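First comes the structure, then the notes that go with it.
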Amino acid sequence: MPDPSPDLTIGVLAVQGDVREHVAALGAAGAATRLVRRPAELDGLDGLVIPGGESTTIDRLCRIFGLHEPIRRLIAGGLPVYGSCAGMIQLAEEILDGHAEQQSFGGIDMTVRRNAFGRQVDSFEVDLEITGLSDPERPFVAVFIRAPWVERLGEDVEVLAAVDGHPVAVRQGPLLATSFHPEVTGDHRVHELFVKACSG
Ligand code: GLN
């Protein structure tokens, strides 16, 4: 495990979801981390991770805790942000099958459909080739849990991986999103890709 870089602090939005797993994966990828539950904890970050969990809950709590607008502003200002699963949903400009009042942070020019890959019982794993990862010959075991899929992509969005023609890893500038959960696999290459984006 590399020593955390003292120069690089990545926030992990810690209102709900698999926060601990992202903290561990980012640490293994060489970054120091900070849990974010209040607006002041966003100050001075080099990047932010929005974990998997339940996007409707993450959205509701972020608005209650006053995090919604500051995070939107940071995204607009170019902060690198990575969202996995529920985090992907929160980075989408448009959500289908969301709750009526659900709001995303936006940032990535795409439309995602919640739970499109199936319900909890339909969770699955698949070996993926993901553009930009180190050791590209080695497949990445991607775990999907009630995952969203992407139904529309803007032309500035790059597809890094797809399953049956559906994009499941996308990037737009400093924003990265995956429908799956790399934080639960012990393979830290997606987090390494994000840490690199935060230091660049
Ligand atoms: N279905 C969840 C949502 O809408 C996402 C599932 C996940 O993050 N594993 O937020």
Side-chain angles (χ1 to χ4, degrees), residues 10-26 33 35-37 47-65 67-68 71-72 75 81-128 130 140-153 157 160-164 166-172 175-191 193-194:
I10 298 183
V12 179
L13 184 61
V15 297
Q16 194 267 339
D18 60 349
V19 174
R20 207 177 351 162
E21 290 81 352
H22 277 288
V23 168
L26 288 166
T33 53
L35 299 185
V36 173
R37 295 195 180 93
L48 179 69
V49 167
I50 307 172
E54 177 46 58
S55 60
T56 54
T57 306
I58 292 173
D59 164 49
R60 193 165 45 81
L61 293 177
C62 280
R63 286 189 278 136
I64 290 170
F65 298 157
L67 287 162
H68 183 83
I71 291 175
R72 276 187 81 92
I75 290 172
V81 180
Y82 166 47
S84 69
C85 202
M88 174 192 242
I89 295 169
Q90 288 308 104
L91 283 176
E93 287 293 337
E94 189 186 13
I95 304 170
L96 301 176
D97 291 342
H99 285 187
E101 75 288 0
Q102 185 171 1
Q103 293 173 25
S104 63
F105 302 122
I108 299 183
D109 181 14
M110 64 178 174
T111 303
V112 299
R113 187 177 293 280
R114 284 182 65 231
N115 302 333
F117 274 114
R119 303 159 64 82
Q120 193 82 44
V121 287
D122 300 322
S123 298
F124 63 98
E125 287 183 17
V126 72
D127 282 0
L128 274 187
I130 305 176
F140 195 95
V141 181
V143 178
F144 292 78
I145 306 167
R146 289 189 306 125
W149 74 32
V150 177
E151 292 211 352
R152 181 197 62 83
L153 271 184
V157 185
L160 305 182
V163 170
D164 296 336
H166 296 287
V168 294
V170 298
R171 179 163 64 187
Q172 182 172 7
L175 304 177
L176 175 69
T178 60
S179 316
F180 53 90
H181 289 269
E183 69 278 11
V184 301
T185 58
D187 185 338
H188 305 302
R189 288 177 292 160
V190 170
H191 288 80
L193 183 69
F194 180 61

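Order of listing sets the numbers, starting from 1, for every ligand and every atom in it. All of these numbers come straight from a predicted model, not from anything done at the bench.
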Requested in this report: For salt bridge (charged side-chain N to carboxylate O under 4.0 Å, His left out), just list the numbers for Arg146 and Glu54, CA-CA rounded to whole Å, side-chain angles, deciding distance to a tenth of an Å, and then say yes or no.
Outcome: CA-CA 10 Å; Arg146 289 189 306 125; Glu54 177 46 58; 3.7 Å; yes

Query raised in the report: Have His22 and Ser84 got a donor and an acceptor in their side chains that come within less than 3.5 Å?
Result: yes

Query raised in the report: Between atom OG of Ser55 and atom CD of Gln90, what is the distance when rounded to the nearest 0.5 Å?
Result: 5.0 Å

Query raised in the report: What does the list of residues with a heavy atom under 4.0 Å from ligand 1 look like, ordered by chain and number?
Result: Gly52, Gly53, Glu54, Ser55, Cys85, Ala86, Ile89, Arg114, Asn115, Ile145, Arg146, His181

Report task. Measure the spacing between OH of Tyr82 and CG of Leu13 and express it to the nearest 0.5 Å. Result -> 14.0 Å

Query raised in the report: So how far is it from Arg114 CZ to His99 NE2, rounded to the nearest 0.5 Å?
Result: 5.0 Å

Requested in this report: Check Glu151, His166, Glu94 against Arg113 for a side-chain hydrogen bond (donor to acceptor under 3.5 Å, both in side chains) and give me the one that passes.
Outcome: Glu151

